[in-house]
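One structure is given below, encoded as structure tokens.
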Amino acid sequence: MRIILPGKSLPAIMILSLVILYACQQSGGGAGADAKNLFQYDDNLHARWSSPENLNGIKGAGGKENNGAKGHPFDSIPAGATLTLLDIKEQGIIQLIWVTVRDRSPEMLRAMKLEMYWDGEEKPAGSVPFGDFFGVGLGKTAIFQNHLFANAEGRSFNCFIPMPFRKGARITVTNESTKSQPNIFFDVDYSLLKNWRDDYLYFHAFFTRDTATTPSVDFVMLPRVEGKGRFLGVNIGVNANPLYNKSWFGEGEVKIYLDGDTNYPTLNGTGTEDYIGTAWGQGKFINDYTGCTISDDSLLQWAFYRYHIPDPIYFSTDCRVTIQTMGGDMTNVVAAYQSAGVPLLPVTTDAPDGFHRFYKKDSLVVLDSTRKDSWTNFYRSDDYSSTAYFYLDRPSNELPPLQTLTLRTTGSR
């Protein structure tokens, strides 16, 4: 194919390349723009690193201990103690948080609490179990790298989410376990900003867990938040209930309620694995914006994520995000669970004679135990946890505080 221009004849692929290059230049995106930015001087940014060798990144004060010879590369956090990673009263933007710790057990990664405060607020914008904050679902380390987080060899925790602040920033880690965390190394890399833009938003994070969801009651990953902002995404962990044996847990649809939505959301997915960009089940895979870091049929555990970078979700007044706790199996298998008294509510059946919808809140359908030619979806009860990430036009929020240590760590394995 060739496209004819006045006096010229160019291959279509060349025309397409020129169009893409022009779009990248206009939008400020793409590899060309990134390469261009590498050699442009930016007087608005002044780099600082906060580490044990120079807490808060004080200018000209790094590595003073032991005559500069690696005198303070790490700290420890005794049981019940809090370590401050950053505490400054200036204007800036955090660009990278890197941490490694000696004890990386699921119990410790859930027992350590990471909190971040912006602009001198008393309430944290994020109060999340340490491992879950860094995209480590179920508090279990896994080797992965995506657009927002990385755990290079399963021994380090990296966050690449930009976090602007106008009057100050404070980040702490509290060890709520009964054991000491013997080693914690960290870098909080940020830049001081000369100029603040009115469209900058503050970063927030919210963790929640329900060890036994109620059939037909959606698991709320982000309770309603008020303000103008952007829903950035979520990582989710599921400990599937062994009562359902190896039945598929992931039929639940993600629902995102925006700007006054009440009973029904504006954004509605088609299933759990669909939400993270896969289909017909959910194995382990790692992509930039979607992935599954844990897929274990023997332990009945799954951890997965979806980050809305190429498909931004903005809201002007409020936002709420939920997922249905729904699974599926062959109809005769679900009927056997039903007759045994396992908690479930049938929803739909996909059969050779059609797709049957029969879920009603005030009545219960009794399934045909002899039917082996169809698939039935059903509400079920499992152990769900999640960390939601979002931006807001204010430095704090009205979300509930972090759940208790017992709830966070029970059943860790």
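- Under the rule for a side-chain hydrogen bond (donor to acceptor under 3.5 Å, both in side chains), S216 has no partner lying at least two apart in sequence or in another chain.
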| query | After noting the C-alpha distance and the side-chain angles of Y305 and F149, does the key distance pass the ring pair (Phe, Tyr, Trp, His ring centres under 6.0 Å) rule? | reply | CA-CA 11 Å; Y305 60 89; F149 301 98; 8.6 Å; no
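- Annotation: D199, atom CG; neighbour count of heavy atoms from other residues, nucleotides and ligands within 6.0 Å is above 12.
- Ring geometry, F157 versus F130: the interplanar angle exceeds 60°, so the pair is classed perpendicular (tilted spans 30 to 60°).
- The only option from M221, K255, E253 that meets the side-chain contact (heavy atoms from CB on, under 4.5 Å) definition with I323 turns out to be M221.
- The side-chain hydrogen bond (donor to acceptor under 3.5 Å, both in side chains) test with T376 is passed by exactly one of D350, T331, D329, T348: T331.
- For the residue pair D259 / S316, a side-chain donor-acceptor distance below 3.5 Å is found, with atom types taken as modelled.
- Taking D103 as the reference, S105, M108, K179, Q181 meet the side-chain contact (heavy atoms from CB on, under 4.5 Å) condition, with sequence neighbours excluded.
- T410 pairs by the side-chain contact (heavy atoms from CB on, under 4.5 Å) definition with R209, T211, not counting sequence neighbours.
- Applying the side-chain contact (heavy atoms from CB on, under 4.5 Å) test to D42 and every residue at least two apart in sequence or in another chain returns N44, L45.
- In this structure, H308 has its ring center at least 6.0 angstrom away from the ring center of Y391.
- Using cut-offs of 30° and 60° for the angle between ring planes, the Y244 and F378 rings count as tilted.
- The existence of a salt bridge linking D318 and R320 is excluded, since no basic side-chain nitrogen approaches an acidic carboxylate oxygen closer than 4.0 Å.
- The aromatic rings of H147 and Y289 sit tilted, their planes meeting at an angle between 30° and 60°.
- For A205, the side-chain contact (heavy atoms from CB on, under 4.5 Å) partners are V128, F133, F203, Y389, not counting sequence neighbours.
- Not a single donor-acceptor pair under 3.5 Å links the side chain of D393 to the backbone N or O of G227.
- The side-chain hydrogen bond (donor to acceptor under 3.5 Å, both in side chains) test applied to W302 returns S295, not counting sequence neighbours.
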| Where do D296 and S298 land on the side chain to side chain donor-acceptor pair (under 3.5 Å) test, with the steps shown first? | CA-CA 5 Å; D296 193 324; S298 60; 2.5 Å; yes
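- Taking 4.0 Å as the cut-off between side-chain N and carboxylate O, D297 and K246 do not count as a salt-bridged pair.
- Aromatic rings of F390 and F315 (six-membered ring for Trp) have centroids beyond the 6.0 Å cut-off, not under it.
- Side-chain N/O atoms of N239 and Q301 include a donor and acceptor closer than 3.5 Å.
- Side chain to side chain, S177 and E107 fail the donor-acceptor criterion of an N or O pair below 3.5 Å.
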| request: Before giving the answer on side chain to side chain donor-acceptor pair (under 3.5 Å), spell out for T266 and D261 the whole-Å C-alpha distance, their side-chain angles and the decisive distance to 0.1 Å. | output: CA-CA 7 Å; T266 296; D261 289 344; 2.7 Å; yes
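- Residues T272 and F249 have side chains in contact (heavy-atom distance under 4.5 Å, counting atoms from C-beta outward).
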